[in-house]
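Accompanying notes for the structure given below.
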Amino acid sequence: MAAESFDLVVIGAGPGGYVAAIRAAQLGLRTACVELEEKLGGTCLRIGCIPSKALLESSERFAEARDHLSHHGVKVGQVELDLPAMLKRKDKVVHALTSGVASLFKKHHITRVHGRGRLAGPGKVLVEGPDGARELRAKHVIVATGSVPASLRGVTLDGDRIGTSTEALAYPEVPGHLVVIGAGYIGLEMGSVWRRLGAKVTVLEYLDRILPGMDGELAGLAHKAFKKQGLEFRLGARVTGAKPEGGGCLVQVEGQEPIACDRVLVSVGRRPATDDLGLDTVGIAPDPRGRIPVDEAWRTTAEGVYAIGDVIAGPMLAHKAMEEGVACVERIVTGYGHVNYQAIPGIVYTHPEVASVGETEEELQEDGVPYKKGVYPYIANGRARALDDTDGMVKLLAHAETDRLLGAHIIGARAGDLIAELAVAIEFGASAEDVARACHAHPTLAETVKEAALAVLGRPLHI
Ligand code: NAD
């Protein structure tokens, strides 16, 4: 087999890998990207962020038509669900975006290699794919293989009734009763989708709160909002087993009666996809959590091998992986490249949305950082009133002495869009006063951000 030579081979075409490949091509590297799946885009585009957002949007519209349009004086007849059409629309969105990545590869002359890539010694990647085996050689290799759902002891996934987000994105009918294990990003997003479509949803969470890692005050408000929507929560619930039984499933929770349900969604986190990658052939040893150790330039212990995204430490978020992909390639080519890990937003796309960037109040307290806090409720915002969407608040945290913005937390409609301004503010080292003095158009939800910044200074205008 003749080896093909490149400047860079990227293993994995998820958000980290495909973006790294594009940036490398822009910088003039002869680049190949190896991807196991037929569709490009990784978990995010195929079975993660994008299809879940498509279903969140559709299910929200359904619930709005059913429950809320009458508040606006809009009368609709009987609202009916056409689930196959909803799922088909989701598949179309996925198809458009994954094909879009393929077009970007063509545009940038990136060689797409279909198959499973494995390191096979320094500078060498072997690919086994539908068209046979290929040997790729490159001075630089970036590992961007992402993550897979974490499993739970006692719970055997059957790929049907007991599954992960992959199955929950395509249930052929609305489950009568869905049990969700884990009240994190996936559990709450997919739990919301099926609740809106009519399922009874019970969320079992091991901890005594939902959304661990998010600001505690916001997580508490989110918990209340979801309960109001009819999601049932059992906190402090340790799941010890789940199995198919009869036509449904039985879930065992320590110290409680077993729960009978129709489907189980296991969403207890994800683990790096670092198995069977040939890491040993270049002397890379993953840490005890399966992650690849890297330095500040995303270099592994092996010369010429880099790692980005979910396979390394940090939040498992598509946009974090994209930033790393760009910065890693820029480091390789130019010697410069940086990711500001303080300015990476996290968003839960439920309704209300929950969005966060920078430090939480708990983190500032733990670190003994003196801070000022400004909060502003959506209900005092004119646009939120006009939208009839007044549940929510913005909370900004700034250093008590310097006024530098340290953290921003929003729960409410379009929180995921509003947080962008605050990520930019933190990136630029802005103070709360900088945000407060910037003109925000009226009437917009963004005015809640300005008012929260004014509240940090002790002088909100509209409350
Ligand atoms: P997560 O880490 O967000 O939440 C997992 C939850 O499961 C936690 O609350 C945890 O305490 C709980 N848990 C763990 N073991 C448990 C047990 N035995 N019984 C009951 N509860 C248990 O993980 P996820 O929701 O599976 O999402 C996986 C990853 O995907 C996350 O890292 C997230 O960043 C990413 N993701 C992001 C988005 C987004 O950006 N909107 C959406 C989906 C997924």
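Counting starts at 1 for both ligands and their atoms, in listed order.
Not a single heavy atom of R238 sits under 4.0 Å from any atom of ligand 1.
Below 4.0 Å from some heavy atom of L207 lie the following atoms of ligand 1, by number and element: 11 (O). Of all atoms in ligand 1, numbered sequentially from 1 with element shown, those under 4.0 Å from a heavy atom of Y349 are 41 (N). Every atom of ligand 1 is numbered from 1 in the order shown, and the set under 4.0 Å from a heavy atom of G184 is 3 (O), 4 (O), 6 (C), 9 (O), 25 (O). For ligand 1, the atoms closer than 4.0 angstrom to any heavy atom of M316 are 32 (O), 33 (C), 34 (O), 35 (C). Every atom of ligand 1 with a heavy atom of L204 under 4.0 Å away is listed here by number and element: 20 (C), 21 (N). Under a 4.0 Å criterion applied to the non-hydrogen atoms of P212, ligand 1 contributes the atoms 8 (C), 9 (O). Listed by atom number, the atoms of ligand 1 under 4.0 Å from I347 heavy atoms are 39 (C), 40 (O), 41 (N). For ligand 1, the atoms lying closer than 4.0 Å to a non-hydrogen atom of R270 are 28 (C), 29 (C), 30 (O).
Ligand 1 has no N or O atom lying under 3.5 Å from any N or O atom of V348, backbone or side chain.
Residue K53 qualifies as enclosed at atom NZ: its count of foreign heavy atoms under 6.0 Å is above 12.
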### Message
Does Y341 form a side-chain hydrogen bond (donor to acceptor under 3.5 Å, both in side chains) with E324? I'd like the steps, not just the answer.
### Response
CA-CA 10 Å; Y341 287 100; E324 289 174 342; 2.5 Å; yes
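At a cut-off of 3.5 Å, with distance as the only test, a side-chain donor of H440 or E421 sits close to an acceptor on the other residue.
Between the side chain of E245 and the backbone N or O of L250 there is no donor-acceptor pair closer than 3.5 Å.
Given atom 11 (O) of ligand 1, the protein heavy atom at minimum distance is E205 OE2, 2.6 Å.
Ring-plane geometry between F233 and H223 is classed as perpendicular, the angle between the planes exceeding 60 degrees on a 0 to 90 degree scale with a lower cut at 30.
Counting heavy atoms from C-beta on, the side chains of C261 and T202 never come closer than 4.5 Å.
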